[in-house]
Chemist: 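Structure provided below as structure tokens; questions to follow.
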Amino acid sequence: MDKLEGMANVEPVRLGPESKFKFNCHPGVKCFTRCCKDINIILTPCDIIRLKNRVGLSSEEFLALYTEAQILEKTDLPVVMLKLLDTEESDSEGKACPFVRQNGCLVYEDRPTTCRYYPLGVASLSHKEDPAGEEFYFFVHEPHCLGFEEDKGWTISQWRQDQGLDIHDKLNAEWTDLVVRKRSFPPNVKWTEQTKKMFFLISYNIDKFREFVFESSFLQRYKIDDATLEKIKNDEIALLQFGLRWLKWLLFKEGDFKMKTETAGQS
Ligand code: SF4
Ligand code: SF4
């Protein structure tokens, strides 16, 4: 899955963790904040949790105000994009990210994964394409971006660490795995509309998924130990990962979910 799917000028170089490049981005560059306009940013589930908490909204309110849903090509899965707006910051270059201001990003500490990766893109191949399951990187070089002319050197690993990508990717790993697997399915193997709706709910609307777990018959149907229950009640990332593991159990019969009755496999 290309996390930067939709962005222009992908350079066809396959980079590894020790590949080197020169880049720097700071308020002194002439293009400062240009990359926050006229862009496509797919939001990961963790991005949404962090951003909606940052701006003090429920997940449903955040989805309505700041995102638009699309079907991801190749996977037939719903994904959520950051909705660009006509704001004071937008100009002839097009609509702008709602969080950009002249002096930078309003939500910098909680900025989306794609913003952290730039100027890199990452690709996770399916098991069929690459049995070792390794990721590789490439440059996404926007013509307006002057950061490549700066004299600061990085390896890919150093960039990942500086941008907090290791922790983000770890938190998003269950979701990325599910999307990559879905992309590997033969085209005639389709998810039902109900499965896609559940994927959307778990991935992007964590408040509603919490209601589903704690206020529907879910807990009457599944054996969930007390420690897990306590954790998912208070930790949205843990709840997200629980939901994705449950979805994988339903789809692939992987993992250790147990029904309370003999109706195993029923969702
Ligand atoms: S266009 Fe490049 S250098 Fe300019 S602000 Fe964006 S990332 Fe930084
Ligand atoms: S979230 Fe921040 S870094 Fe990302 S596009 Fe918006 S303003 Fe730019």
Side-chain angles (χ1 to χ4, degrees), residues 2-11 13 15 19-57 59 61-70 79-122 137-156 158-165 167-169 171-172 204:
D2 300 349
K3 288 190 179 127
L4 291 163
E5 196 165 322
M7 294 184 89
N9 299 322
V10 170
E11 292 186 12
V13 193
L15 308 164
S19 301
K20 295 188 169 133
F21 65 105
K22 284 197 172 174
F23 187 82
N24 202 9
C25 176
H26 54 86
V29 288
K30 277 197 189 134
C31 54
F32 192 57
T33 73
R34 169 64 185 84
C35 53
C36 303
K37 296 162 194 171
D38 191 26
I39 40 161
N40 294 320
I41 295 183
I42 293 176
L43 297 174
T44 68
C46 290
D47 292 339
I48 292 184
I49 289 175
R50 290 187 67 159
L51 285 169
K52 65 115 180 157
N53 290 337
R54 176 69 181 240
V55 296
L57 294 175
S59 44
E61 289 166 336
F62 182 83
L63 287 173
L65 273 177
Y66 290 115
T67 73
E68 46 200 7
Q70 278 193 12
V79 290
V80 160
M81 315 277 295
L82 193 60
K83 182 158 61 182
L84 304 188
L85 302 175
D86 278 317
T87 67
E88 284 177 11
E89 307 307 321
S90 40
D91 46 29
S92 56
E93 285 138 13
K95 293 182 176 182
C97 169
F99 304 120
V100 70
R101 297 293 180 272
Q102 269 186 352
N103 56 353
C105 175
L106 270 183
V107 294
Y108 187 78
E109 297 78 12
D110 297 303
R111 67 198 182 284
T113 310
T114 295
C115 306
R116 293 167 191 267
Y117 263 99
Y118 186 82
L120 301 177
V122 61
Y137 306 89
F138 48 86
F139 289 124
V140 182
H141 193 159
E142 297 285 6
H144 54 254
C145 178
L146 304 176
F148 286 94
E149 294 173 16
E150 299 276 309
D151 196 27
K152 187 165 172 55
W154 305 88
T155 62
I156 301 281
Q158 286 167 341
W159 183 259
R160 288 183 55 83
Q161 195 173 7
D162 185 73
Q163 295 292 309
L165 281 163
I167 180 78
H168 259 249
D169 284 356
L171 296 177
N172 281 317
Y204 308 124

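Note that ligands are numbered from 1 as they come in the structure, with each ligand's atoms numbered from 1 the same way. Computation of the quantities below employed the complete heavy-atom set of this structure, encompassing side-chain atoms and omitting hydrogens, waters and symmetry-equivalent molecules. Positions are given from 1, in the same order as the sequence printed here.
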Chemist: For ligand 2, which atoms have a heavy atom of Ile41 less than 4.0 angstrom away?
Modeler: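 With Ile41 as reference, the close atoms of ligand 2 come out as 5 (S).
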Chemist: Within the side chain of Arg50, is there an N or O that forms a donor-acceptor pair under 3.5 Å with the backbone of Glu109?
Modeler: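 Yes, Arg50 side chain to Glu109 backbone: donor-acceptor pair under 3.5 Å.
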Chemist: Quick one: does Thr114 get within less than 4.0 Å of ligand 2, heavy atoms only?
Modeler: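 So Thr114 does not count as touching ligand 2.
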Chemist: Which of the numbered atoms in ligand 1 are below 4.0 angstrom from a heavy atom of Thr33?
Modeler: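 Near Thr33, the atoms of ligand 1 are 5 (S).
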Chemist: Kindly confirm whether atom 8 (Fe) of ligand 1 is within less than 2.8 Å of some N/O/S atom in Cys25?
Modeler: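 Yes - counting backbone and side chain alike, Cys25 has an N, O or S atom under 2.8 Å.
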Chemist: In terms of residue, atom name and distance, what is the protein heavy atom nearest to atom 4 (Fe) of ligand 1?
Modeler: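 For atom 4 (Fe) of ligand 1, the nearest protein heavy atom is Cys31 SG, 2.4 Å.
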Chemist: Just wondering, do Asp151 and Asn24 contact through their side chains at under 4.5 Å, heavy atoms?
Modeler: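 No - every pair of side-chain heavy atoms lies 4.5 Å or more apart.
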Chemist: Can you list the atoms of ligand 2 that are under 4.0 Å from a heavy atom of Val100?
Modeler: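 Near Val100, the atoms of ligand 2 are 7 (S).
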Chemist: Taking the six-membered ring for Trp, are Trp154 and Trp159 parallel (under 30°), tilted (30 to 60°) or perpendicular (over 60°)?
Modeler: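 The arrangement is perpendicular - the two ring planes meet at more than 60°.
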Chemist: Counting from 1, what ligand 2 atoms have a heavy atom of Phe99 closer than 4.0 Å?
Modeler: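 Atoms satisfying the 4.0 Å criterion: 7 (S).
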Chemist: Side-chain contact, heavy-atom cut-off 4.5 Å: Val55 with Asp110?
Modeler: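 No; the side chains remain at least 4.5 Å from each other.
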Chemist: Taking atom CD as the centre, does Glu68 end up with more than 12 heavy-atom neighbours from other residues, nucleotides or ligands that are less than 6.0 angstrom away?
Modeler: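 Atom CD in Glu68 is crowded, with more than 12 foreign heavy atoms closer than 6.0 Å.
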Chemist: Would you check if Glu142 and Tyr118 make a side-chain contact, meaning some heavy-atom pair closer than 4.5 Å?
Modeler: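 Result yes, sub-4.5 Å side-chain heavy-atom pair found.
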Chemist: Tell me, which protein residue and heavy-atom name are nearest atom 6 (Fe) of ligand 2, and how many Å apart are they?
Modeler: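 It is Cys97 SG, 2.3 Å.
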Chemist: Look at the side chain of Asp162 and the backbone N and O of Gln158, then say whether any donor-acceptor pair between them is shorter than 3.5 Å.
Modeler: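 No; zero donor-acceptor contacts below 3.5 Å.
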Chemist: Run down the list Cys145, Cys105, Cys115 and name the one with the heavy atom closest to atom 2 (Fe) of ligand 1.
Modeler: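 Going through Cys145, Cys105, Cys115 one by one, Cys145 has the nearest heavy atom to atom 2 (Fe) of ligand 1.
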Chemist: For atom 1 (S) of ligand 2, which protein heavy atom lies nearest, and how many Å away is it?
Modeler: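 That would be Pro112 CD, 3.4 Å.
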Chemist: For atom 8 (Fe) of ligand 2, which protein heavy atom lies nearest, and how many Å away is it?
Modeler: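 Sorting protein heavy atoms by distance from atom 8 (Fe) of ligand 2 puts Cys36 SG, 2.4 Å first.
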Chemist: Run the numbers for me: atoms of ligand 1, each under 4.0 Å from some heavy atom of Gly147, listed by number.
Modeler: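 Listed by number with element: 3 (S).
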Chemist: For the side chain of Arg111 and the backbone of Tyr108, is there at least one donor-acceptor N/O pair under 3.5 Å apart?
Modeler: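 Flag set: sc Arg111 to bb Tyr108 pair under 3.5 Å.
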